[in-house]
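This report concerns only the one structure given below.
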Amino acid sequence: MTSPYARELEIAQLAVQRAAILTKRVFREKAKGTVSKDDASPVTIGDFGAQALIIAALRANFPGDAIVAEEEAAQLRSDAGLRGLIWDLVRSTRLSGAAEEALGGVRDEADLLEVLDLGRSEGGRKGRVWTIDPIDGTKGFLRGGQYALALALLEDGDVKVGVLGCPNLPVDDEAPLEADIGANQTDEEGRGVIFSAVVGQGATSRPLGTGGLTEGKSIRMKEVTEMANACFCESVESGHSNQSDSAQIAQKLGITKPSVRMDSQAKYGSIARGAGDIYLRLPTSKTYQEKIWDHAAGDLIVREAGGQVTDTKGQRLDFGVGRTLATNSGVVAAPAAVHGRVLEVVQEVLGLK
Ligand SMILES: Nc1ncnc2c1ncn2[C@@H]1O[C@H](COP(=O)(O)O)[C@@H](OP(=O)(O)O)[C@H]1O
Ligand SMILES: [Mg+2]
Ligand SMILES: [Mg+2]
Ligand SMILES: [Mg+2]
């Protein structure tokens, strides 16, 4: 008997692997086709192209499922030049060998727009919903730092399958955490990893390849025996997470090492395999709502590796309330044994208790 979600996990990983071939191609090019979104954040031809390829794979394999994806086609309808660039990338990106046969494709430019807009579901508490962040950490991607391709399956609001492709992280689970220096590391030997998890089945890492999937290794969080030696990760962007609050929290916890700043859900993957210990995301505004695609895959991967993930109020992240985590505030992810202590200090510093 195959284990639950085996096919979803396989297709999700192949879809992420194929889309990562595209983002790596864009990464190597000087012109990344960057345009600004309504909220002034950047999006590139890599984001659009990767989202189209991932959705095409889901459409071919799970046609009845809803999809909540970060990007949409609107800007491409009025910009034929940008659309053409993306179409050229999408039509020419494939996995090697038989793996490609399991994944559907995009037929033409009109289909490209249609496929991108399949990701406009409102999400919610009912049924199967895939959530996609084609490039998480777009600013990191542009800087040559860390970024991730994130894909997760929710069922009735709970994350069942999570996949994170991290083209710039070391394959080696034992490699020490590196500060995000923004060097172009994509094509370096030994980089590119996929983290994955299925609910109740643990978490795994494997090299990010270009064809079929290679064998995975089980990953676990590291035990924190002394808080002073704990290593915590946070965003590079001070607009995404309050770095002065986190410095105070670290100090109160007795953590002596400086934080490791890296973009994207590579932070979740890194703590899940014990390269780091704690991930804090502390609100910078009262009104910002975290997006489900920024957290769903990472949340499950960390929990399946022995971690606990809550918001700053101590509540589990609730992926069933729509496209955003409207009822949550920030993120506190840590090994289960120390999560309570970390949360206590977070709440002290943020004045939540
Ligand atoms: N004010 C804010 N607070 C928290 N997160 C924000 C934010 N503005 C943007 N983001 C999100 O932060 C994500 C990157 O996270 P990190 O800082 O961990 O790298 C972005 O994902 P994208 O890069 O996919 O747009 C974006 O969705
Ligand atoms: Mg974005
Ligand atoms: Mg994101
Ligand atoms: Mg993104």
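Heads up: numbering here begins at 1 and tracks the sequence. Each ligand, and each atom within it, is numbered from 1 in the order the structure gives.
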| field | Donor + acceptor pair across side chains of R18, T93 (<3.5 Å) | value | no

Protein heavy-atom partner closest to [atom] - residue, atom, separation in Å:
atom	answer
atom 27 (O) of ligand 1	D294 OD2, 2.6 Å
atom 11 (C) of ligand 1	Y288 OH, 3.4 Å
atom 22 (P) of ligand 1	G137 N, 3.7 Å
atom 16 (P) of ligand 1	S235 OG, 3.4 Å
atom 18 (O) of ligand 1	K267 NZ, 2.6 Å
atom 19 (O) of ligand 1	S264 N, 2.6 Å
atom 15 (O) of ligand 1	R281 NH2, 3.2 Å
atom 1 (N) of ligand 1	G239 O, 3.2 Å

Quick one: does any side-chain atom of [X] pair with a main-chain N or O of [Y] as donor and acceptor, under 3.5 Å?
X	Y	answer
K313	T327	yes
Q201	P4	yes
D311	L317	no
E304	G202	yes
D299	H295	no

| field | Within 45° cone of F195 ring axis and under 6.0 Å: R273 NZ or CZ | value |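 No, cation not above the ring by the 6.0 Å, 45° rule.
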
Residues that [X] engages under salt bridge (Lys or Arg N to Asp or Glu O under 4.0 Å), provided they are two or more places apart:
X	value
R91	D88
K160	none
R316	none

| message | I'd like the name of whichever of H240, E290, K37 reaches closest to atom 14 (C) of ligand 1 through any heavy atom. | response | H240

| request: Mind checking whether Q265 contacts ligand 1 via backbone (N, CA, C, O), side chain (CB onward), both or neither, at a 4.0 Å heavy-atom cut-off? | output: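 No part of Q265 is near ligand 1 at this cut-off.
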
| field | Whether Y268 and Y279 hold their rings parallel, tilted or perpendicular, with breakpoints at 30° and 60° | value |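 Rings of Y268 and Y279: perpendicular, as their planes differ by over 60°.
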
Quick one: does [X] get an N or O within less than 3.5 Å of an N or O on ligand 1?
X	result
V236	no
D136	yes
W293	no
K291	no
I135	yes
E70	yes

| message | Please say yes or no: joined through hydrophobic side-chain contacts below 4.5 Å, possibly via intermediate residues, are I11 and I132 part of one cluster? | response | yes

| Where ligand 1 meets T138 - atom numbers and elements under 4.0 angstrom, heavy-atom basis | 23 (O)

| field | Subset of ligand 1 atoms that lie under 4.0 Å from at least one heavy atom of D133 | value | 24 (O)

| task | Apply side chain to side chain contact (heavy atoms under 4.5 Å, CB included) to the pair Q308 and M221, showing each step before the final yes or no. | result | CA-CA 10 Å; Q308 206 164 324; M221 292 191 87; over 6 Å; no

| query | What protein atoms of element N, O or S are positioned under 2.8 Å from the Mg ion (ligand 3)? | reply | D133 OD2, D136 OD1, D294 OD1

| Which one of K291, R323, K37 satisfies the salt bridge (charged side-chain N to carboxylate O under 4.0 Å, His left out) criterion with E70? |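 Of the listed options, the one satisfying the test is K37.
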
| Yes or no on side chain to side chain contact (heavy atoms under 4.5 Å, CB included) for V331 and L325, after CA distance, side-chain angles and deciding distance? | CA-CA 11 Å; V331 178; L325 296 170; 5.6 Å; no

